[in-house]
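Before any comments, here is the structure.
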Amino acid sequence: MAFGDGRRPVGQPLKDAQELAGLPPGRWVGLGLAALGLNAGSVVSERELELLSESSGTRTPTGSNASA
C-alpha cells in the first residue's frame, strides 16, 4: 500500500522512509473525496494511511464513522 514502508526502523515516520526511497508523497485522487472530508490533490498523511489500512469499511481516512 505504501512503498518504502517495508524496512523502516520502528519510530521512523513513513514520510522519511519514502523520501529516502526517492518517492514523492502520496496524494488523494478520485470521486467522493469531499464526502470523506478529503481534498483532491492533498497529501495523504501517515494517520490517514493508518486509518485506511486498518479500516473494515466503517471508518473513513479522516477517522469519522462512514455509517453516520
Side-chain angles (χ1 to χ4, degrees):
M1 210 159 140
F3 190 85
D5 187 35
R7 295 190 178 151
R8 68 180 164 141
V10 173
Q12 181 185 35
L14 177 60
K15 180 179 182 249
D16 292 348
Q18 289 179 314
E19 285 177 3
L20 287 172
L23 300 169
R27 298 199 176 267
W28 288 109
V29 296
L31 302 174
L33 293 173
L36 298 173
L38 301 167
N39 296 311
S42 64
V43 173
V44 178
S45 73
E46 188 162 355
R47 181 65 182 142
E48 291 167 343
L49 185 59
E50 288 172 3
L51 288 168
L52 183 63
S53 64
E54 295 170 1
S55 175
S56 62
T58 59
R59 286 249 181 253
T60 69
T62 57
S64 63
N65 190 324
S67 60

Once side-chain contact (heavy atoms from CB on, under 4.5 Å) is applied, do any residues pair with Val43, and if so which ones, sequence neighbours excluded?
Pro25, Arg27
In Å, rounded to the nearest 0.5 Å, how long is the span from CG of Leu33 to CG of Leu31?
8.0 Å
Closest heavy-atom pair, Asn39 versus Trp28, reported as atoms and distance to 0.1 Å, is O-CB, 3.8 Å
Report the residues that fulfil side-chain contact (heavy atoms from CB on, under 4.5 Å) with Asp16, sequence neighbours left out, ordered by chain and then residue number.
Gln12, Pro13, Glu19
